[in-house]
Amino acid sequence: MCDRKSIVTIDGPSGGGKSTVSRALAARLGFTYLDTGAMYRAVAYTCQQQGVDPLNPVQLEPLLASIRIELLPPAAGEDDVRVIVNGRDVGSSLRTPEMGMLASKVSAQPLVRNILTVLQQQIGAAGQIVAEGRDTGTVVFPEAAWKFFLDASPEVRTRRRAAQLRSKGEAVDEQQLLAQIVQRDKDDRERTIAPLKAAPDAILIDSTVCPVDVVIGQMYDRVMTTPCSCKK
Ligand code: DC
């Protein structure tokens, strides 16, 4: 490994397999996994709980000034990172499609992005991190040594997300889920601040027909065989 910060970024639209891939790649490399989407979901959840309109800066500012977000490794037998908000484990409340939509809305607010971006950069300051999200390669860690953009067709992403939700015992309407995924991606791509897009130096991977294990292998090989691709 090189002597610069070892940071891997994995960006892409929802349901493209980013979480599974990022978690597995981090474990294989011995790096920390940083789920930036969980932080936007945590802010969205807190807005909902406190009856705060995320589009109203007068209401949003005090919430952001007092919020404490901690990410902990998943509990035994669980996949998702544990998210502690203001001292309370908010767990699976964050992982619903509705909370994804609200997180997307919240994430378009500059006040929110400024705070979370700094927090993410602090977590990544020591390096040895695999960060996943929408802007980790473009805005949060533009200096990252390895950047990937993971995409798949909306239909395949919907099927994967539906399987994930069903495995947690939730009922899923696939047509509705597809519509939500398409809308959320459009909103994330079209917002003015830190939109969802591939960094110019990211490697694009389409996982539509590519099994997750193969994607992880491709990324791992890339990291191991190009250890000095750091930006000067
Ligand atoms: O990855 P996710 O589905 O948990 O993300 C939820 C929302 O949070 C996503 O629709 C947009 C926002 N987000 C963002 O704007 N920037 C990130 N780096 C990560 C997530």
Side-chain angles (χ1 to χ4, degrees), residues 7-23 26 33-48 54-55 60 64 67 69 71 74 78-83 85 90-124 129-142 144 147-152 154 157-158 160-162 164-165 168 170 177-199 202 207:
I7 298 178
V8 181
T9 61
I10 304 180
D11 291 308
S14 48
K18 289 192 308 292
S19 301
T20 309
V21 165
S22 306
R23 213 170 14 238
Y33 163 52
L34 174 59
D35 178 359
T36 63
M39 294 179 161
Y40 288 95
R41 286 173 186 260
V43 173
Y45 174 79
T46 310
C47 285
Q48 192 192 54
L55 305 184
L60 188 58
L64 293 174
I67 195 168
I69 302 173
L71 300 184
E78 294 290 329
D79 274 344
D80 296 322
V81 290
R82 287 170 62 211
V83 185
V85 179
V90 295
S92 56
S93 316
L94 300 189
R95 303 291 171 186
T96 63
E98 290 68 31
M99 203 51 69
M101 296 298 281
L102 189 58
S104 174
K105 197 167 155 189
V106 160
S107 72
Q109 300 306 306
L111 282 174
V112 176
R113 296 212 79 85
N114 292 344
I115 286 186
L116 294 189
T117 299
V118 170
L119 191 55
Q120 290 154 16
Q121 288 169 338
Q122 286 167 351
I123 294 171
I129 202 144
V130 176
E132 68 136 308
R134 305 293 186 285
D135 64 339
T136 61
T138 50
V139 175
V140 186
F141 301 116
K147 299 182 187 179
F148 300 97
F149 191 86
L150 189 57
D151 207 346
R157 290 190 283 120
T158 301
R160 287 183 192 151
R161 187 46 67 86
Q164 224 173 29
L165 290 167
K168 293 178 182 167
E170 291 176 35
L177 189 61
L178 174 64
Q180 283 175 332
I181 280 181
V182 168
Q183 183 63 50
R184 185 143 72 96
D185 292 344
K186 182 172 182 299
D187 293 344
D188 289 346
R189 281 182 205 277
E190 292 181 356
R191 68 177 176 230
T192 45
I193 176 165
L196 162 63
K197 69 173 176 197
S207 74

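This chain uses plain numbering: 1 for the first residue, then up along the sequence. Both ligands and their constituent atoms are indexed starting at 1 by order of listing.
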**Study point:** Protein contact to atom 6 (C) of ligand 1 [nearest heavy atom, distance to 0.1 Å]
**Key:** Arg184 NH1, 3.4 Å

Point to revise | Test of proximity, Ser14 against ligand 1: N or O pairs below 3.5 Å | key: no

Check your understanding: How about Thr36 and Arg134: do any of their side-chain heavy atoms sit closer than 4.5 Å?
Key -> no

Exercise for review: Output, in order, the C-alpha distance, side-chain angles, deciding distance and verdict of side-chain hydrogen bond (donor to acceptor under 3.5 Å, both in side chains) for Ser107 and Arg191.
Suggested key: CA-CA 9 Å; Ser107 72; Arg191 68 177 176 230; 2.9 Å; yes

Point to revise | Min N/O separation Arg191 to ligand 1 under 3.5 Å | key: yes

Practice item. Could you list the atoms of ligand 1 found under 4.0 angstrom from a heavy atom of Asp188? Key: 9 (C), 10 (O), 11 (C)

Exercise for review: For Ser107, counting its heavy atoms only, list the atoms of ligand 1 lying under 4.0 Å from any of them.
Suggested key: 11 (C), 12 (C), 15 (O)

Review point. Atom 8 (O) of ligand 1: which protein heavy atom is closest, and how many Å away?
Key: Tyr40 CB, 3.5 Å

Check your understanding: Are any of the N/O atoms in Thr36 less than 3.5 Å from those in ligand 1?
Key -> yes

Review point. For atom 20 (C) of ligand 1, which of Gly37, Gly100, Ala194 has the closest heavy atom?
Key: Gly37

**Study point:** Given Lys18, Arg82, Arg95, the one that forms salt bridge (Lys or Arg N to Asp or Glu O under 4.0 Å) with Asp35
**Key:** Arg95

Check your understanding: So between Arg134, Arg95, Gln120, Arg113, whose heavy atom ends up nearest atom 15 (O) of ligand 1?
Key -> Arg113

Exercise for review: Side-chain contact test, heavy atoms from C-beta onward, threshold under 4.5 Å: evaluate it for Leu64 versus Val43 and give yes or no.
Suggested key: yes

Review point. Should we count NZ of Lys186 as having more than 12 external heavy atoms under 6.0 Å?
Key: no

Practice item. Report yes if the side chains of Val140 and Thr9 come closer than 4.5 Å at any heavy-atom pair, otherwise no. Key: no

Practice item. For the pair Arg23 (side chain) and Ala26 (backbone), establish whether a donor and an acceptor sit closer than 3.5 Å, ignoring hydrogens and angles. Key: no

Review point. Are any of the N or O atoms of Asp35 closer than 3.5 Å to those of ligand 1?
Key: no

Exercise for review: Just jot down the ligand 1 atoms closer than 4.0 angstrom to any heavy atom of Arg41, in number order.
Suggested key: 2 (P), 3 (O), 4 (O), 6 (C)

Review point. Is the backbone N or O of Asp187 less than 3.5 Å from a side-chain atom of Lys105, with the two atoms forming a donor-acceptor pair by type?
Key: no

